[in-house]
Amino acid sequence: TENGGWAANAHVTAKLADFANVTLAGNMYTPGFGSIENKVNERKKETLKQYNISSTVELGKFIRESYNVRVPMYVDYSEIYVTPQFNPLDADIPLETTLKNTELSKRYRDSLRFLTQDYTRRRSINFTNVRKDKGKDSKKSHIYDIENWAATYSYSEFYRRNTTIEFNLLKDYHGGLVYSYAPQPKNIKPFDKIKFLQPKYFQLIKDVNFYLYPDKLGFSTNIDREYTSNKVRNTTGGDVLILPTYNKRFNMTRNYDFN
């Protein structure tokens with residue numbers, strides 16, 4: 001017989017004064033859950049538990065306001081647990097029945113629970129456009145001002161394991177540094193006031209203009225590093241040696257801007 005399942009969703013957002021927002025979300029469903037239109041074989045065959053917590057924080061609020069420092073941070077963490085209704089190693093028997101069988105050792109049951117569960121974890125942290133803004137009473141910009149600089153850093157991680165994957169781990173790192181300066185040089189029009197060039201026939205010559213130096217200077221440097229490791233689980237039942245695989249990638253790019 002097929003028992004009816006249930007599902008639930010929750011979402012909460014909290015604002016902490018003027019420096020942070022926190023969001024917590026979660027959902028769950030059990031075997032047998034589905035819409036009215038779903039047939040029995042189309043309903044859920046597993047239990048899913050999922051939650052996610054994320055937050056945006058302006059760390060610059062903890063620094064004296066007159067310094068005009070901006071440090072926006074974003075953090076995120078989530079986990080997903082998927083437990084099948086039936087034992088993958090013996091599809092005719094509900095997994096819960098096997099896990100409650102006291103004739104089996106506790107070590108075996110704990111191992112079975114771990115092996116049959118599909119588990120996913122994600123976490124990340126980001127610092128985007130960390131900078132110092134100019135104050136209200138700041139004077140003319142200079143090429144050496146610290147306000148011309150901005151930095152970015154991020155780290156993210158993905159991990160998963162299930163009945164066929166012993167572990168799948170992905171780590172991604174990113175860092176960036178940006179410099180931008182707009183000096184606003186004077187625009188020079190050498191033929192603008194010459195009398196015999198005033199007629200419209202000489203408009204093309206009259207409109208010639210240039211700057212003595214660039215009106216924008218900038219460059220950016222970005223570094224990306226990726227690390228991946230993966231190992232397939234031995235499901236043959238035999239003594240098979242399976243080695244993990246690794247992949248590493250490192251990129252560094254530079255861009256220059258002169259206008």
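Fair warning: this is a prediction, and the values are worked out from it, not measured in the lab.
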Engineer: Once salt bridge (charged side-chain N to carboxylate O under 4.0 Å, His left out) is applied, do any residues pair with R249, and if so which ones, sequence neighbours excluded?
Structural biologist: E226

Engineer: Please give me the minimum heavy-atom distance between T116 and T163, naming the atom from each residue.
Structural biologist: CA-CG2, 3.6 Å

Engineer: Test side-chain contact (heavy atoms from CB on, under 4.5 Å) on Y74 and S54 and set out the steps.
Structural biologist: CA-CA 7 Å; Y74 174 79; S54 61; 3.7 Å; yes

Engineer: For F158, what are the other residues in its hydrophobic cluster, where any two members join if their side-chain heavy atoms are less than 4.5 angstrom apart?
Structural biologist: L170

Engineer: For the hydrophobic clusters of this structure (ILVMFWY residues joined by side-chain heavy atoms under 4.5 Å, transitively), does one cluster hold both L115 and V82?
Structural biologist: no

Engineer: Are any side-chain N or O atoms of R161 and backbone N or O atoms of F114, one a donor and one an acceptor, separated by less than 3.5 Å?
Structural biologist: yes

Engineer: Suppose clustering is done on Ile, Leu, Val, Met, Phe, Trp and Tyr with side-chain heavy atoms closer than 4.5 Å. Which residues sit in the same group as L241?
Structural biologist: L243

Engineer: Is there a continuous path of hydrophobic side-chain contacts, each under 4.5 Å between heavy atoms, that joins Y227 to M252?
Structural biologist: no

Engineer: Kindly confirm or rule out a cation-pi arrangement of K44 over Y29, judged by NZ or CZ under 6.0 Å from the six-membered ring centre and within 45° of its axis?
Structural biologist: yes

Engineer: CZ/R123 to CD1/I53 distance, rounded to the nearest 0.5 angstrom?
Structural biologist: 14.5 Å

Engineer: Could you go through residues 12-25 and list every donor-acceptor pair under 3.5 Å that involves a side-chain atom there, pairing it with any protein atom two or more places apart or in another chain?
Structural biologist:
{"unit_1": "T13", "atom_1": "OG1", "unit_2": "H11", "atom_2": "NE2", "d": "3.4"}

Engineer: Check which hydrophobic residues are tied to F258 through side-chain heavy-atom contacts below 4.5 Å, counting indirect links as well, and list them.
Structural biologist: I143, Y144, W149, L177, Y179, Y181, L217, F219, Y256

Engineer: Does the side chain of F167 come within less than 4.5 Å of P244's, by heavy atoms?
Structural biologist: yes

Engineer: Just verifying a value: how many Å separate L112 CG and Q117 CD, rounded to the nearest 0.5 Å?
Structural biologist: 11.0 Å

Engineer: Would you indicate whether the side-chain heavy atoms of S78 and R122 approach each other to under 4.5 Å?
Structural biologist: yes

Engineer: Any ion pair linking K132 and E147 (charged N to carboxylate O, less than 4.0 Å)?
Structural biologist: yes

Engineer: Would you say R233's side chain and N162's backbone share a donor-acceptor pair under 3.5 angstrom?
Structural biologist: yes

Engineer: Quick check: closest heavy atoms across K231 and I242, and the distance to 0.1 Å?
Structural biologist: CE-O, 3.1 Å

Engineer: Between atom NZ of K216 and atom CG of D257, what is the distance when rounded to the nearest 0.5 Å?
Structural biologist: 4.5 Å

Engineer: Run the side-chain hydrogen bond (donor to acceptor under 3.5 Å, both in side chains) test against N234 and tell me which residues pass, sequence neighbours left out.
Structural biologist: T236

Engineer: Could you work out, with side-chain hydrogen bond (donor to acceptor under 3.5 Å, both in side chains) as the rule, every residue matching N52, not counting sequence neighbours?
Structural biologist: D76

Engineer: Tell me, please, which residues at least two apart from K189 pass side chain to side chain contact (heavy atoms under 4.5 Å, CB included).
Structural biologist: N187, D192, N209

Engineer: By the side chain to side chain donor-acceptor pair (under 3.5 Å) test, which pairs, at least two apart or in different chains, include something from residues 103-112?
Structural biologist: K106-D110, D110-R113

Engineer: Say whether L59 and V69 are linked into one hydrophobic cluster, either directly or through other cluster members, by side-chain heavy-atom distances under 4.5 angstrom.
Structural biologist: yes

Engineer: One pair to check against side-chain contact (heavy atoms from CB on, under 4.5 Å): F250 and K248. What are the steps and the verdict?
Structural biologist: CA-CA 7 Å; F250 181 88; K248 299 179 181 180; over 6 Å; no

Engineer: Nearest 0.5 Å, please: how far is CH2 in W6 from OG1 in T30?
Structural biologist: 6.0 Å

Engineer: Would E157 and R121 pass as an ion pair if we require N to O under 4.0 Å?
Structural biologist: yes

Engineer: Does a side-chain heavy-atom distance below 4.5 Å link E79 with T120?
Structural biologist: no

Engineer: List the steps, then state whether side-chain contact (heavy atoms from CB on, under 4.5 Å) holds for Y155 with K171.
Structural biologist: CA-CA 7 Å; Y155 168 77; K171 295 182 179 181; 3.7 Å; yes

Engineer: Which residues pass the side-chain hydrogen bond (donor to acceptor under 3.5 Å, both in side chains) test with N126, sequence neighbours left out?
Structural biologist: none

Engineer: Rounded to the nearest 0.5 Å, what separation is found between the CD1 atom of I93 and the OG1 atom of T98?
Structural biologist: 5.0 Å

Engineer: Starting at OG1 of T83, measure out to CG of L48 and round the result to the nearest 0.5 Å.
Structural biologist: 9.0 Å

Engineer: Flag the pair D118 and R160 as a salt bridge only when some basic side-chain nitrogen lies within less than 4.0 angstrom of an acidic carboxylate oxygen.
Structural biologist: yes

Engineer: Starting from the C-alpha separation in whole Å, work towards a yes-or-no answer on side-chain contact (heavy atoms from CB on, under 4.5 Å) for R254 and N222.
Structural biologist: CA-CA 7 Å; R254 295 188 182 94; N222 292 286; over 6 Å; no

Engineer: Got a donor-acceptor contact below 3.5 angstrom from the E58 side chain to the V71 backbone?
Structural biologist: yes

Engineer: Between the main-chain N or O of S124 and the side-chain N or O of S156, is there a donor-acceptor pair closer than 3.5 Å?
Structural biologist: no

Engineer: Going by the rule side-chain hydrogen bond (donor to acceptor under 3.5 Å, both in side chains), which residues pair with Y67 if we only count those two or more places apart in sequence or in a different chain?
Structural biologist: none

Engineer: Could you name each residue pair satisfying ring pair (Phe, Tyr, Trp, His ring centres under 6.0 Å) that touches residues 119-140, not counting sequence neighbours?
Structural biologist: Y81-Y119

Engineer: Where the side chain of T152 meets the backbone of N129, is there a donor-acceptor pair that is under 3.5 Å apart?
Structural biologist: yes

Engineer: Sub-3.5 Å donor-acceptor pair from the side chain of N148 to the main-chain atoms of H142, do we have one?
Structural biologist: yes

Engineer: I'd like to know if D145 pairs up with K134 as an ion pair, taking the criterion as any Lys NZ or Arg NE/NH1/NH2 lying under 4.0 Å from an Asp or Glu carboxylate oxygen.
Structural biologist: yes

